[in-house]
Amino acid sequence: MPLTPPPPSQIPQSADEANLQARILSVLDSRHLMALATNRPDGWPQVTLVNYFRREHALYFVVATGSQKFANITRDPRVSIAIGGGAAGPYSLSMSAHATEVRDFELIERLNKTIQALPPESGFTPHPGANSVVLLEAQPQIITLVDYATPPGHREVLTVVERWTIQRTEGPQ
């Protein structure tokens with residue numbers, strides 16, 4: 001169930017790229033659990049599962065303000081995200097993104113209304129382990145769409161050029 005369509009882009013997109021974009025949005029809207037990898041201060045990656053939802057051109061998630069995850073993102077906003085699996089289809093996503101704290105109170109109010117309007121069957125159930133939480137926004141920069149129906153897992157590497165408008169990435173994958 002799409003939450004909100006992304007605003008129209010001014011960037012031209014081929015019919016094939018528009019089809020890939022629709023597949024990506026379908027995966028994002030049909031799932032609400034992602035593996036989020038952050039960079040620890042010692043250089044080791046840290047991966048945790050978090051609930052998310054998509055609104056327009058970003059992914060939103062909630063974490064505890066005292067968490068290692070929030071400290072990692074505050075220090076280095078580069079994150080990797082993996083979404084897939086389940087009965088929703090043979091597609092999965094791997095994304096490179098920038099994550100930042102949402103500080104715009106009007107946006108937070110709109111997002112709270114979006115969250116409250118989500119039906120229970122949407123699967124969005126954030127549960128940070130603390131009373132003090134922060135809302136974060138992830139803006140994907142590079143998206144790899146993997147199609148497991150085409151063995152051994154056909155990959156399309158795409159660059160987000162504006163909002164959810166994508167273009168194929170040129171060069172070696």
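- Linking ILVMFWY residues whenever their side-chain heavy atoms come closer than 4.5 Å, directly or via other members, leaves Leu145 and Tyr148 in distinct clusters.
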Derivation and outcome, salt bridge (Lys or Arg N to Asp or Glu O under 4.0 Å), residues Glu156 and Arg168 | CA-CA 7 Å; Glu156 292 283 353; Arg168 279 198 164 86; 2.8 Å; yes
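- No continuous path of ILVMFWY side-chain contacts below 4.5 Å connects Phe61 to Leu33, so the two sit in separate hydrophobic clusters.
- Counting heavy atoms from C-beta on, the side chains of Leu136 and Val50 never come closer than 4.5 Å.
- Here the OG atom belonging to Ser30 is positioned 9.0 Å from the CD1 atom belonging to Ile83, to the nearest 0.5 angstrom.
- With no hydrogens or angles considered, no side-chain donor-acceptor pair links Thr144 and Ser94 at under 3.5 Å.
- Rounded to the nearest 0.5 angstrom, Arg55 CZ and Ile115 CD1 are separated by 10.5 Å.
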Check step by step if side chain to side chain contact (heavy atoms under 4.5 Å, CB included) holds for Thr38 and Val79.
-> CA-CA 5 Å; Thr38 61; Val79 298; 4.0 Å; yes
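- Looking at Val27 and Ser92, their side chains never come closer than 4.5 Å, going by heavy atoms from C-beta outward.
- A heavy-atom distance below 4.5 Å is found between the side chains of Leu36 and Ile73.
- Note on Leu118: it clusters hydrophobically with Leu111, by side-chain heavy-atom contacts below 4.5 Å among ILVMFWY residues.
- Clustering ILVMFWY residues whenever any of their side-chain heavy atoms sit less than 4.5 angstrom apart, transitively, puts Val146 in a cluster other than the one holding Ile24.
- Residues Glu101 and Pro77 form no side-chain contact, since every pair of their non-hydrogen atoms from C-beta on lies 4.5 Å or further apart.
- Residues Met95 and Tyr91 are members of one and the same hydrophobic cluster, defined by side-chain heavy-atom contacts under 4.5 angstrom among Ile, Leu, Val, Met, Phe, Trp and Tyr.
- Open room surrounds CZ on Arg78; 12 or fewer heavy atoms of other groups in view lie less than 6.0 Å from it.
- Counting heavy atoms from C-beta on, the side chains of Leu107 and Glu137 come closer than 4.5 Å.
- The closest side-chain heavy-atom distance from Leu59 to Arg54 is below 4.5 Å.
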